[in-house]
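Keep in mind that the numbers below use all heavy atoms, side chains included, and drop hydrogens, waters and symmetry copies.
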Amino acid sequence: FFPLLLIALSVAARVFGKNLAFEMGDLDQAERLYAETAVRTDDPGLVSFNRGVLSLRREQFREAELHFRRALEDSLIPESRKGRAWYNLGNALLKQAGDSAPRLRSAVGCYENALDAIPEGEPLRDDARHNLELAKLLWAKANAKSPRPNSPDEEPPERQPTPRKE
């Protein structure tokens, strides 16, 4: 029993250290610790999610997008993380979009997915709703300039069912 407790405490201390480095603003140390954890974790989706948050903080939006996509590929992703991953993926896409109607439409889909996954009463829902409306307005503006406008009823790629891998 005692050795298991020591192992559990050691793992908890490492997780705390990574998150503490991140919260204290030592992003380089947090990145080193997340990379180290990626090699020996049983929850690679969590590592991808944390690295996505770190990339957002560093304003590395393409990197953040890729990390959040990896986190969402995790078939065992908890619902609480799924909603935050969709929300953060939407943020990463929105920051990269510029006047790109397809990217803005993808951000809309991400925020819609976030709202599907985030429970009522969670403060993040309000942020997701706000960002969804912003993304829709930006998409409509960019879409009006596009030589091939999309229909507002067309499902963005992030909202279409994922094809099964066989």
Item to check | Stepwise salt bridge (charged side-chain N to carboxylate O under 4.0 Å, His left out) check, Arg62 with Glu65 | outcome: CA-CA 5 Å; Arg62 178 65 178 149; Glu65 174 190 351; 2.9 Å; yes
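- A distance of 11.0 Å separates CG of Asn88 from OG of Ser55, quoted to the nearest 0.5 Å.
- Residues meeting the salt bridge (charged side-chain N to carboxylate O under 4.0 Å, His left out) test with Lys82, sequence neighbours left out: Glu79.
- For Glu59, there are no salt bridge (charged side-chain N to carboxylate O under 4.0 Å, His left out) partners two or more places apart in sequence or in a different chain.
- Nearest heavy-atom pair, Trp139 versus Ala101, reported as atom, atom and distance to 0.1 Å: CD1-O, 3.1 Å.
- The shortest heavy-atom contact between Ala114 and Gly83 is CB-O, 3.6 Å.
- Two residues are said to be in side-chain contact when any heavy atoms from C-beta on lie closer than 4.5 Å; Tyr111 and Leu94 meet this criterion.
- The cluster map of Ile, Leu, Val, Met, Phe, Trp and Tyr, joined by side-chain heavy atoms under 4.5 Å apart, puts Leu66 and Leu89 in different clusters.
- For the atom pair CD1 of Ile118 and CZ of Arg129, the computed distance is 9.0 Å after rounding to the nearest 0.5 Å.
- From His67, atom NE2 reaches atom CG of Asn50 across 10.5 Å, with rounding to the nearest 0.5 Å.
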Next on the checklist: Determine whether Phe68 and Leu56 satisfy the following criterion, side-chain contact (heavy atoms from CB on, under 4.5 Å), listing intermediate values before the conclusion.
Outcome noted: CA-CA 10 Å; Phe68 290 123; Leu56 271 182; 3.8 Å; yes
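- Distance CD/Glu63 to CZ/Arg51: 8.5 Å, rounded to 0.5 Å.
- With respect to the salt-bridge test (charged N to carboxylate O, under 4.0 angstrom), the residues Arg125 and Glu122 do not qualify.
- Of all heavy-atom pairs between Ala128 and Leu115, the closest is CB-CD2, 3.8 Å.
- A distance of 10.5 Å separates CG of Asn143 from OG of Ser100, quoted to the nearest 0.5 Å.
- Smallest separation of non-hydrogen atoms from Ala64 and Gly52: CB-O, 3.6 Å.
- Once rounded to the nearest 0.5 Å, the distance linking CZ of Arg81 with CG of Asp74 reads 6.5 Å.
- Inter-residue side-chain proximity for Asn91 and Phe61 is flagged as unmet; no heavy-atom pair is nearer than 4.5 Å.
- In the hydrophobic cluster analysis, where Ile, Leu, Val, Met, Phe, Trp and Tyr join through side-chain heavy atoms closer than 4.5 angstrom, Trp86 is grouped together with Ile77.
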Next on the checklist: Go through it in stages, so that I can follow the logic: the residues are Val108 and Glu112, the test is side-chain contact (heavy atoms from CB on, under 4.5 Å), and I'd like the CA-CA distance, side-chain angles, deciding distance and then a yes or no.
Outcome noted: CA-CA 6 Å; Val108 166; Glu112 289 171 340; 3.7 Å; yes
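- Taking hydrophobic clusters as Ile, Leu, Val, Met, Phe, Trp and Tyr residues chained together by side-chain heavy-atom distances below 4.5 Å, Leu72 shares a cluster with Phe49.
- By the criterion of side-chain heavy atoms lying less than 4.5 angstrom apart, applied directly or through intervening Ile, Leu, Val, Met, Phe, Trp or Tyr residues, Leu124 is not grouped with Leu46; the two fall into different hydrophobic clusters.
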